Undergrad: 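First the structure, then my questions, so here it is.
Please read all numbers here as calculations on a predicted model, not as lab measurements. Just so we're on the same page: letters track the sequence lines, and every chain starts at 1.
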Amino acid sequence: MTMHFIESQNGTGSSGTIVFNNIPQTFTHLQIRGIARSVGIGSQLYTRLNSDGGSNYATHHMYTDGSGSVVSGSGGAPTTVNLIGSIPASTDLANLYCSFIVDIADYTNTNKNKVTKSILSLDANGGSVQQLWTASSVWMNTAAVTSVTIVANASFATLSNIQLYGIVSNPIATGA
Amino acid sequence: MPKGMQAIYTQTVGAGGTTGVVFNNIPQTYTDLLVMISARDSNAAGNALAAGMFFNGAGGTTLYSNLVTRNLNSSSNSFAATNFGNMYSYVNGNGTTSNTFSLTTHYIPNYTLTSFKQIITDTVVEGNVAGLDSMNFTIASLFRGNTPVTSITFSAAGNGFMQHSTFTLYGISR
């Protein structure tokens with residue numbers, strides 16, 4: 001088996017932070033999967049690595065709302081977070097959650113800054129809240145990733161759930 | 001074959017680099033393939049560079065086409081190409097932010113079928129050097145070959161893939 005479940009956490013309704021600490025250093029890549037909704041205002045979803053809140057990230061994103069236009073931008077040069085996308089507010093369509101996948105490659109490799117890519121889906125059967133995001137980021141630090149913090153501007157609803165998986169690359173051969 | 005995802009081959013580029021990476025003799029016992037790449041090109045002129053991918057040695061033919069959406073330096077657009085010589089992703093050039101490697105996934109479903117192959121590619125190049133590109137491409141590619149995929153070749157468009165670049169092939173079974 002190559003993809004291994006590590007940990008899962010649910011929203012509490014009173015916190016906009018979910019943290020995966022003490023990440024095992026035995027895998028090659030990490031993947032974060034989740035669904036999320038805010039209990040308050042409309043919010044954006046971010047990650048931080050190793051609790052680094054300093055201006056050590058470069059990020060770029062692109063999203064569409066289905067209107068035919070695509071919005072793209074960057075998170076400053078540099079910025080303090082890795083932006084993933086938008087999550088629905090408590091006033092949005094009932095039972096609506098976004099879903100997202102974040103990949104972090106070679107997270108234990110101390111020769112590499114840590115690059116992430118993500119996709120976030122928020123279809124809402126029309127309306128202004130719906131968006132489809134793709135984003136990328138580099139954390140300009142070659143340290144191994146030992147924790148990942150997922151942050152929203154407002155608290156996560158209790159049915160929000162985020163899971164962490166580890167992917168190994170111990171194959172049979174090189175194939176050369 | 002156990003269900004799920006299994007690493008089949010991996011290659012890590014050593015000191016001195018390499019101009020290409022090949023996975024030969026791909027087992028035909030899975031349903032889908034997934035390639036994950038973390039790479040950097042040694043071209044010192046700097047910017048993001050293309051990395052070609054083709055199947056079964058069929059590079060330089062006109063068997064490929066693609067449909068692209070991209071975010072290039074915070075400007076987005078889309079385009080398409082027909083009768084192309086290969087599929088592609090992007091890698092960091094050696095003038096981009098140091099120690100930073102691209103991240104690419106190629107998803108190749110139903111690779112053993114005797115029909116055309118539809119490939120989904122997601123490739124990102126990140127960095128923080130003024131005047132150099134950062135990009136996020138999502139690419140739909142078509143390989144108009146009716147034979148199963150038995151080998152995959154990756155070729156660097158610049159000077160070659162640098163040390164610590166990694167290429168891993170996974171097989172996915174249902």
Side-chain angles (χ1 to χ4, degrees), chain A residues 1-4 28-29 31 55-64 69-79 82 101-107 109-119 132-143 165 167-176, chain B residues 2-12 21-27 34 36-38 40 69-78 92 96-105 122-130 134-138 151-152 163-172:
Chain A
M1 178 59 65
T2 290
M3 190 162 170
H4 299 258
T28 307
H29 312 299
Q31 186 172 90
S55 297
N56 296 314
Y57 304 84
T59 77
H60 298 81
H61 62 265
M62 179 170 65
Y63 71 88
T64 182
S69 63
V70 178
V71 177
S72 56
S74 64
T79 187
N82 167 28
I101 302 174
V102 181
D103 287 308
I104 307 173
D106 290 325
Y107 74 104
N109 191 321
T110 56
N111 293 298
K112 298 182 176 181
N113 292 335
K114 303 307 178 284
V115 174
T116 68
K117 66 180 178 75
S118 62
I119 184 166
L132 171 63
W133 286 70
T134 59
S136 58
S137 167
V138 58
W139 179 47
M140 288 170 283
N141 192 318
T142 59
Y165 294 85
I167 299 171
V168 299
S169 295
N170 51 339
I172 302 170
T174 65
Chain B
K3 296 180 181 179
M5 191 163 91
Q6 174 70 49
I8 304 173
Y9 299 135
T10 194
Q11 293 188 31
T12 300
V21 171
V22 185
F23 293 129
N24 283 313
N25 303 310
I26 295 172
L34 178 73
M36 194 160 183
I37 302 170
S38 170
R40 187 175 177 95
T69 63
R70 70 175 184 182
N71 175 16
L72 176 61
N73 301 323
S74 304
S75 176
S76 57
N77 67 329
S78 67
N92 286 67
T96 62
T97 305
S98 60
N99 303 314
T100 305
F101 291 65
S102 66
L103 174 52
T104 295
T105 54
D122 190 3
T123 183
V124 305
V125 170
E126 269 295 342
N128 195 33
V129 176
S134 293
M135 58 181 66
N136 183 347
F137 280 55
T138 304
S151 74
I152 304 175
Q163 184 182 21
H164 306 303
S165 297
T166 58
F167 296 75
T168 303
L169 177 69
Y170 299 90
I172 300 171

Undergrad: Taking all heavy atoms of S72(A) and all of N71(B), pick out the closest pair and write down the distance.
TA: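 Shortest heavy-atom separation between S72(A) and N71(B) comes out as CB-OD1, 3.3 Å.
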
Undergrad: If we define contacts as heavy-atom pairs under 4.5 Å, which of T123(B), T12(B), I152(B), D122(B) has the most with chain A?
TA: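 Max contact count across the listed options: D122(B).
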
Undergrad: In terms of heavy-atom proximity below 4.5 Å to chain A, should S98(B) be classed as side chain, backbone, both, or neither?
TA: backbone

Undergrad: Starting at CG of N99(B), measure out to CG of N141(A) and round the result to the nearest 0.5 Å.
TA: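 Taking CG in N99(B) and CG in N141(A), the distance rounds to 10.0 Å.
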
Undergrad: Which bit of S76(B) comes within less than 4.5 Å of chain A, counting heavy atoms only: side chain, backbone, both or neither?
TA: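 Both parts, backbone and side chain.
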
Undergrad: Quick check: closest heavy atoms across Q6(B) and T2(A), and the distance to 0.1 Å?
TA: CA-OG1, 3.0 Å

Undergrad: With a 4.5 angstrom heavy-atom cut-off, which part of T134(A) approaches chain B: side chain, backbone, both or neither?
TA: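 Both backbone and side chain of T134(A) come within 4.5 Å of chain B.
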
Undergrad: What heavy-atom pair brings L103(B) and V115(A) nearest, and what distance separates the two atoms?
TA: CD2-O, 3.7 Å

Undergrad: When you compare the side chain of Y170(B) with that of I167(A), does any pair of heavy atoms fall below 4.5 Å?
TA: yes

Undergrad: Against chain A, label R40(B) side chain, backbone, both or neither, depending on which of its atoms sit under 4.5 Å from a heavy atom there.
TA: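 Answer is neither: R40(B) stays 4.5 Å or more from chain A.
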
Undergrad: According to salt bridge (Lys or Arg N to Asp or Glu O under 4.0 Å), who are the partners of K112(A), at least two apart in sequence or on a separate chain?
TA: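 Expected list: D106(A).
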
Undergrad: For the OG atom of S169(A) and the CG atom of L169(B), what is their distance to the nearest 0.5 Å?
TA: 10.5 Å

Undergrad: Chain B: which of A176(A), S136(A), A135(A) shares the most heavy-atom pairs with it under 4.5 Å?
TA: S136(A)

Undergrad: Just how far is it from atom CG of N24(B) to atom OG1 of T174(A), taken to the nearest 0.5 Å?
TA: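 Reported value, rounded in 0.5 Å steps: 9.0 Å.
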
Undergrad: Could you measure the distance from the CE atom of M62(A) to the CZ atom of F137(B)? Nearest 0.5 Å is fine.
TA: 9.0 Å

Undergrad: Identify the heavy atoms of E126(B) and A58(A) that sit nearest to each other, and give their distance.
TA: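 Answer, listing the atom of E126(B) first, then A58(A): OE1-O, 3.3 Å.
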
Undergrad: Side chain, backbone, both or neither: which part of N25(B) has a non-hydrogen atom closer than 4.5 Å to chain A?
TA: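 Answer is neither: N25(B) stays 4.5 Å or more from chain A.
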
Undergrad: Need one label for T105(B): side chain, backbone, both or neither, based on atoms under 4.5 Å from any heavy atom in chain A.
TA: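 Answer is both: backbone and side chain atoms of T105(B) are under 4.5 Å from chain A.
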
Undergrad: Could you pull out all residues at least two apart from T97(B) that satisfy side-chain contact (heavy atoms from CB on, under 4.5 Å)?
TA: N113(A), M140(A), T100(B), N128(B), V129(B)

Undergrad: Please flag which part of H61(A) lies under 4.5 Å from any non-hydrogen atom of chain B: side chain, backbone, both or neither.
TA: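 Backbone of H61(A) only, per the 4.5 Å heavy-atom cut-off to chain B.
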
Undergrad: Does any non-hydrogen side-chain atom of H60(A) lie less than 4.5 Å from one of N136(B)?
TA: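 No - every pair of side-chain heavy atoms lies 4.5 Å or more apart.
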
Undergrad: Can you say whether S137(A) sits under 4.5 Å from chain B via the side chain, the backbone, both, or neither, judging by heavy atoms?
TA: backbone

Undergrad: Return the OG to CG distance between S38(B) and N111(A), rounded to the nearest 0.5 Å.
TA: 10.5 Å

Undergrad: Given a strict heavy-atom distance threshold of 4.5 Å, which part of N77(B) is in contact with chain A: side chain, backbone, both, or neither?
TA: neither

Undergrad: For the residue pair V168(A) and A7(B), what are the closest heavy atoms and their distance?
TA: O-CB, 4.2 Å

